[in-house]
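Numbers here simply count residues along the sequence, with the first being 1. Just so you know, ligand 1 is whichever comes first in the structure, and atom 1 is the first atom listed for that ligand. What you see is a predicted model; the values in this text were computed from it and never measured.
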Amino acid sequence: MPSLSSFAFKDRRSRKLRRKYVSTFIYFCSLWTFLSLTHASFLPTSPLLSHPSIHHQHNPLLIFTSVEPEETTYFSPNVPLGHRHIRNSTTSSSEDEYSFFDQTTVTVQAGSGGQGASTYKRTKGGQQGPPDGGNGGRGGHVVILADASMNTLASLQRRFVRAEKGHDGAYSFQSGKSGTNAVIRVPLGTVVHEVLEDGEQQWLGRLTVPQEELVVAQGGVGGEGSGVTGNTRGVLRPRNPPTKGERKVLELTLELIADVALVGVPNAGKSTLLAAVTRAQPKIANYPFTTVVPNLGVWNPPSPGSRGLILCDVPGLIEGAARGVGLGHAFLRHVDRCHVILHLVDATSNDPVADYEMLNREMVAYGTGQLARMPQVVVVNKMDVYEEGSGEEWEEGLRVKFTKEELEQRLKEVMPHSRMLWMSAKEKEGVDDLMGRLAAFVQKVKESTSDTQ
Ligand SMILES: Nc1nc2c(ncn2[C@@H]2O[C@H](COP(=O)(O)OP(=O)(O)OP(=O)(O)O)[C@@H](O)[C@H]2O)c(=O)[nH]1
Ligand SMILES: [Mg+2]
């Protein structure tokens with residue numbers, strides 16, 4: 001027979017155990033709730049959460065969203081996008097997150113002058129002697145400096161730049177130190193305008209040479225100290241107070257200066273060509289919009305003495321680029337300033353001829369139509385795919401629809417000129433021939449435009 005005390009013990013133990021189980025259960029429940037709230041992926045996949053729009057709505061680039069297929073404007077030729085389609089937005093690129101790369105507004109404030117000192121010389125016996133206050137120092141200027149190592153205005157995130165105030169004067173005719181200048185570093189080709197109060201813009205300058213400086217806001221003049229010398233000493237007339245530094249709102253625009261713009265659909269191989277012929281190291285990858293800011297590179301001719309070429313690799317353009325779809329709009333204006341357009345056609349695209357026509361339509365639609373009038377050289381890229389076996393799946397899944405002759409024939413039918421070459425940027429085949437011809441052609445175009453001016 002179990003004793004009464006042993007029953008009591010058992011009951012106490014089981015109560016203790018039950019309490020332990022319950023508190024462990026509550027602990028795991030709250031841990032699960034916390035994790036599911038903070039880490040969405042912790043939850044078991046529900047049909048709602050697996051919907052593509054949920055995954056892409058926080059994509060910082062906001063390029064791919066799950067729009068319906070009928071809204072789709074462009075499918076990448078080589079990359080299977082699956083359900084991901086490129087946004088068909090009417091928002092201008094200059095208004096969204098890419099705008100700050102080549103255009104920005106900065107408010108600058110130069111330093112005001114330092115105060116002049118109001119001191120008197122102390123003579124023996126503690127009597128006040130003649131005035132000996134030094135002048136205040138000049139306020140720091142705001143200076144814009146051309147930095148050859150930069151290629152975008154992206155780093156200029158500070159919207160307000162202030163230079164240091166001039167230091168105050170001191171006794172014994174000690175003038176205050178000048179304030180330190182505030183330096184804004186910008187890439188070469190930056191144009192500076194002041195935005196006036198009525199909204200008009202006044203041209204301040206353009207920085208084209210490395211280390212070139214432009215003072216955009218003058219620092220204030222330091223105040224006069226009591227010991228100011230001259231015919232009318234400071235004590236006999238009101239002294240000049242320090243003046244304030246200039247304050248201006250500046251609009252900075254990056255105008256890339258290049259001879260040739262590399263234009264083509266995403267993935268055509270523009271960056272590959274730039275990397276093949278210059279020392280530039282743009283990002284190259286087998287997905288559209290690898291390039292999001294223009295890259296510049298300098299091609300040096302093999303024979304010294306002849307002129308080199310500055311090439312500009314522009315982000316891939318898609319249907320609607322002239323209206324701001326994709327990344328086009330903000331970058332087409334850089335193409336606007338080049339001499340020649342190198343139109344790169346991707347031979348492995350679904351329809352290279354349609355790509356070519358689409359890009360030309362966009363150039364006609366952009367701005368004043370100046371782009372469409374610019375001379376073009378058409379280069380069909382990825383020639384190596386033909387050599388590896390036409391029409392067959394090869395290496396990275398690249399394939400071609402037409403034979404070389406067919407494609408050449410079709411392109412020539414829609415081209416208003418006959419400047420067409422084949423190359424493989426990846427294998428560097430035909431690249432030297434292209435660059436030599438391009439340099440001669442650019443020279444001709446430059447000469448003809450200088451004749452007409
Ligand atoms: N087979 C082959 N592949 C190439 C050639 N040129 C480029 N590619 C490949 O095509 C893909 C895209 O090349 P990119 O140079 O990044 O293309 P892009 O035109 O700059 O593309 P975006 O910057 O997205 O507009 C990469 O995987 C390259 O290796 C070529 O001549 N032959
Ligand atoms: Mg690129």
Side-chain angles (χ1 to χ4, degrees), residues 61 63-64 73-81 84 86-87 93 98 101 151-152 256 258 260-297 311-321 325-332 334-335 341-350 352 355-356 358-359 362-363 378-401 404 407 420-435:
L61 288 180
I63 302 300
F64 302 110
T73 55
Y74 172 78
F75 290 87
S76 164
N78 303 325
V79 183
L81 289 179
R84 305 196 305 172
I86 290 164
R87 176 179 60 166
S93 297
Y98 295 99
F101 284 128
N151 65 354
T152 79
L256 295 180
V260 180
L262 308 184
V263 168
V265 294
N267 256 359
K270 301 174 292 293
S271 305
T272 310
L273 175 62
L274 187 79
V277 299
T278 72
R279 291 170 72 179
Q281 294 175 329
K283 192 174 171 192
I284 297 166
N286 193 15
Y287 56 83
F289 298 115
T290 313
T291 305
V292 287
V293 287
N295 297 306
L296 286 184
L311 307 180
C312 178
D313 167 27
V314 188
L317 301 172
I318 55 170
E319 179 113 51
V325 181
L327 310 179
H329 206 271
F331 304 119
L332 276 172
H334 295 300
V335 182
I341 292 175
L342 196 154
H343 191 147
L344 225 71
V345 177
D346 183 351
T348 64
S349 156
N350 279 345
D355 285 351
Y356 170 81
M358 177 276 289
L359 236 113
E362 291 306 324
M363 287 195 257
V378 177
V379 180
V380 188
N381 190 28
K382 308 194 184 177
M383 179 171 79
D384 51 312
V385 181
Y386 284 92
E387 278 149 26
E388 290 290 330
S390 167
E392 284 180 17
E393 204 150 350
W394 166 82
E395 208 184 295
E396 295 162 357
L398 301 179
R399 53 174 110 195
V400 283
K401 263 187 171 175
K404 219 171 155 185
L407 180 55
M420 188 179 128
L421 290 170
W422 285 79
M423 71 157 187
S424 164
K426 196 172 174 182
E427 306 296 329
K428 298 194 182 176
E429 275 176 66
V431 168
D432 293 339
D433 180 34
L434 164 72
M435 293 314 292

Using heavy-atom distances, let me know which of Met383, Lys426, Lys270, Lys382 sits nearest atom 29 (O) of ligand 1. Lys426
Using a plain distance cutoff, I'd like to know if Pro315 has any nitrogen or oxygen under 3.5 Å from a nitrogen or oxygen of ligand 1. no
Number the atoms of ligand 1 from 1 as they appear, then name those within less than 4.0 Å of a heavy atom of Asp384, with their elements. 1 (N), 2 (C), 30 (C), 31 (O), 32 (N)
Within reach of ligand 1, part of Ala285 (heavy-atom separation under 4.0 Å): backbone
Atom of Tyr356, atom of Val378 and distance for their closest heavy-atom approach: CE1-CG2, 3.6 Å
Ignoring hydrogens, what is the shortest heavy-atom contact between Asn267 and Asp346? Give both atom names and the distance. O-OD2, 3.4 Å
Check for a donor-acceptor pair, side chain of Lys382 on one end and backbone N or O of Val345 on the other, with a separation under 3.5 Å. no
For Asn286, atoms of ligand 1 separated by under 4.0 Å from a heavy atom: 27 (O)
Heavy-atom contacts with Gly316 under 4.0 Å: which atoms of ligand 1 show up? List them by number with element. 25 (O)
Could you give the distance from NZ (Lys426) to CG (Leu273), rounded to the nearest 0.5 Å? 14.5 Å
Heavy-atom proximity to atom 17 (O) of ligand 1 ranks first, among Gly269, Pro266, Ala275, for Gly269
Using a strict cut-off of 4.0 Å, indicate which atoms of ligand 1 neighbour a heavy atom of Tyr287. 24 (O)
Short side-chain to backbone donor-acceptor contact, Asn381 and Ala268, under 3.5 Å: yes
Steps toward side chain to side chain contact (heavy atoms under 4.5 Å, CB included) verdict (Leu434, Leu342): CA-CA 10 Å; Leu434 164 72; Leu342 196 154; 4.2 Å; yes
For Ser271, take its heavy atoms, then give the atoms of ligand 1 lying under 4.0 Å from any of them. 15 (O), 20 (O)
Looking only at distances, please establish whether an N/O atom of ligand 1 is found under 3.5 Å from an N/O atom of Ile284. no
How about Ser271: does one of its N, O or S atoms come closer than 2.8 Å to the Mg ion (ligand 2)? yes
So, the side chain of Glu362 versus the backbone of Ala321: is there a donor-acceptor pair under 3.5 Å, distance only? yes
May I ask whether Ala425 places a heavy atom under 4.0 Å from ligand 1? yes
Of all the heavy-atom pairs spanning Met423 and Val431, show the shortest one and how long it is. SD-CG2, 4.0 Å
What about Asn381: any of its N or O atoms under 3.5 Å from an N or O on ligand 1? yes
Heavy atoms only: give me the nearest Leu344-Gly269 pair and the separation to one decimal. CD2-C, 3.5 Å
